[in-house]
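The first residue in the sequence is number 1, and the count goes up from there.
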Amino acid sequence: MSPPRILLCGDVLGRLNQLFKRVQSVNKSAGPFDALFCVGQFFPDSAEQLEEFTGYIEGVGGRSQIPLPTYFIGDYGVAAPKVLSTASRNSANLGFKMDGFKICDNLFWLRGSGKFTLHGLSVVYLSGRQSSSGQHFGTYSQDDVDALRALAEEPGVVDLFLTNEWPRGVTNRASASDIPAGFLDTTGSDSSVSELVAEIKPRYHFAGTKGVFYAREPYSNVDAVHVTRFFGLAMVGNKDKQKFIHAISPTPASTMSAAEISMKPPNTTLSPYTLVVDKTALKEDTKRSTTTVSDSQYWRYDVSHKRHKSGSGEGNKLCFKFIYSGSCPRGEKCNFQHDMDAREQYLGGVCLDFLIKGKCERGPDCNFKHNLQNEGESHSRRRRGSENDSGNRSKECWFCLSSPNVESHLIISIGEFYYCALPKGPLVQDHVLVIPIEHAPCTLSLTQQSNSELVKFQNSLKLYYKNRGKEAVLFEWISKRSSHANIQVVPVPSTKAAAVKDICNLAAEKLGFKFVVMKFILAVNNSSDGREWLRMQFDRNYSFFYVELTEGTILSHSVEENENFPAQFGREVLAGLLNMPERADWRKCALSKDEETKMAEEFKKQFEELDPNQ
């Protein structure tokens, strides 16, 4: 089955004659196309254009034939309130509709925000523009933004993301020669859209409003293997004859293999929005006494009608992120309530709108409960969940410092976010583990602040080995079933270090895959860019392996669902390189506790001068 063929256009401004004349021309030469999506202002700028516009909307003069299903999100301009109010009252449009309110044959209004599937493509949209006016049409609400943040938590890859305004900062890290002349990021750009697109991670993002055409180079996403392509589209019939209509024919992500979806063009850049996030984080560190605009956009839901049993933060505002996902990246720094009672009610099937706002506009069409479940039942489930969550974590995890099972005699250095320890059954002398203190399944999903400490640990170990005529090889195996992450750091003789890349590639070839290879200049970026690149490669939906070599080369591999990848790949390859295959299994290298203690004390003594925590 061939991929769907989709057209996208910028601000229509009521110029439907020009638009559909162009659509029919493109349809004849390169069609047929399955749908048209319009971003930017859809309605006319002035009353003079109303006759043409209403000719299609109301079928006046026989011009009501819209040639293909057309969807718009720019619900503002002359006559918008009248047309949209009428559509809202139509009985066919009642209830919770994410796939469009029908305006007339082949014309659909995507209202508010939502997600739906069209010809196999996952489509997410944000209707209207940012405004504090609170007007009924033409602006999006905080609820619309929060709903998209909730959708971003769902599994699967979004194919298309539609917004009216451009994301603030989209030209960061982009080629200067491609940026439109006279471009101003502050006009017609929206920081909320930047935050949303960084969370949603769509394959394609289209926006209007700026009146220019811009096709940015693809960029990588944090915690996802696929790239995003951004297109800004010009207005229909613009005097400069800039491109206002664009055609794509994407294969739906849901039908693609991991190898297909992770392909990256050679001109791919890092995400433009990590720079925006870093600046936001800096401001938060220097000013936390009051709620910021960013706080409000990210987390606020007014729940003044609700009681709160515990938790820090403002008494009448609830953290939406915590309710939906059970966790909040801001942790104790979040200014809003992490209410476990509300989280339990949500898990029990209670409608999120009813739970948080006390009412649900969907009424009987809603598929969720509009009454609170029994308090005792909720408490019982929460107690069991808490015991499983924290009890098992502290009692059974080998790497949690609070666990009675932790091998504390092997610990050689403890920082704020990471600690170093010798492994049980080391492959070679001075084999080290770098372990996050937080109970996290991988190091690539942890904060930038913790990453800085990790790089310090890595650099100290590299220098320690170099002073002894050896080079450090670092690798991490991230299984979907991983519990507590650890990075293995193994010293190899300098004379054999250059062979590590070749032997890894040879082993990969025997297993039927190829590593993705990237080289970084360590003297300039000091490992940070390499870690950032790995974060872009990593997708939580897949297991992942990577190895970092001393000269700055990184090999990575995203593991397919049914792929037979050995969990001990890194250790087995190095054991072969060092001519000690019998030590590939750590259990065959186990030492007594006295031997381990002596080994750890000796390492601490020699490492003391380079230990970043001394």
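- Counting heavy-atom neighbours within 6.0 Å of R583 CZ, excluding the residue itself, gives a total above 12.
- In this structure a side-chain-to-backbone donor-acceptor pair under 3.5 Å is missing from H226 to D539.
- If you look at F603 and Y464, their ring centroids are closer than 6.0 Å.
- Aromatic pair F569/F475: centroids not less than 6.0 angstrom apart.
- For the atom pair S556 OG and M536 CE, the distance stands at 13.0 Å (nearest 0.5 Å).
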Audit row: R149, E199, salt bridge (charged side-chain N to carboxylate O under 4.0 Å, His left out) steps and yes/no: CA-CA 7 Å; R149 288 208 161 90; E199 291 187 47; 2.7 Å; yes
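- The heavy-atom pair separating P436 from A485 by the smallest distance is CD-O, 3.3 Å.
- Checked against a 6.0 Å centroid threshold, the rings of F513 and F565 count as neighbours.
- Checked by atom type and distance alone, the side chain of S257 pairs as donor or acceptor with a backbone atom of E260 at under 3.5 Å.
- The existence of a salt bridge linking K456 and E453 is excluded, since no basic side-chain nitrogen approaches an acidic carboxylate oxygen closer than 4.0 Å.
- K243 NZ: more than 12 foreign heavy atoms inside a 6.0 Å radius.
- The closest donor-acceptor contact from the side chain of K264 to the backbone of V225 lies under 3.5 Å.
- Annotation: the span from H119 atom NE2 to D34 atom CG amounts to 4.0 Å, rounded to 0.5 Å.
- Formation of a donor-acceptor pair under 3.5 Å by the S460 side chain with backbone atoms of L610 is found in this model.
- Salt bridge present: K466 and E471 bring a charged side-chain N and a carboxylate O closer than 4.0 Å.
- Heavy-atom neighbours of N267 CG from other residues, nucleotides or ligands within 6.0 Å: above the threshold of 12.
- If you check the side chains of E560 and Y542, you find no donor sitting under 3.5 Å from an acceptor.
- Side chains of R535 and T274: no donor on one and acceptor on the other come within 3.5 Å.
- At least one donor-acceptor pair under 3.5 Å links the side chain of R571 to the backbone N or O of A584.
- N221 and T228 share a donor-acceptor pair across their side chains, judged by distance under 3.5 Å alone.
- F206 CZ to F37 CZ: the interatomic distance, rounded to the nearest 0.5 Å, is 10.0 Å.
- We find the OG1-CD distance between T597 and E602 to be 13.0 Å, quoted to the nearest 0.5 Å.
- Ion pairing between a basic and an acidic side chain is recognised when a charged N comes within 4.0 Å of a carboxylate O; E601 and K604 show such pairing.
- Other residues, nucleotides and ligands contribute only 12 or fewer heavy atoms inside 6.0 Å of the CD atom of E509.
- To the nearest 0.5 Å, atom CZ of residue F607 and atom CG of residue N613 are 8.5 Å apart.
- Residues F538 and F544 bring their aromatic ring centres within 6.0 Å.
- Note that the CG atom of L422 and the CD atom of Q429 stand 10.0 Å from one another [nearest 0.5 Å].
- Remark: side-chain polar atoms of R173 are paired, donor with acceptor, to backbone N or O of S271 under 3.5 angstrom.
- Within 6.0 Å of atom CD in E609, 12 or fewer heavy atoms from other residues, nucleotides or ligands are found, so the atom counts as exposed in its surroundings.
- Proximity of a side-chain donor or acceptor of T553 to a complementary backbone N or O of L549 within less than 3.5 Å is not detected.
- Side-chain atoms of S413 do not come within 3.5 Å of backbone N or O of Y419 as any donor-acceptor pair.
- Under 4.0 Å is where a charged nitrogen must lie from a carboxylate oxygen, and between D159 and R203 at least one such pair does.
- For H557 and F545, the gap between ring centers reaches or exceeds 6.0 Å.
- Of all non-hydrogen atoms in G469 and S494, the two that sit nearest each other are O-OG, 2.9 Å.
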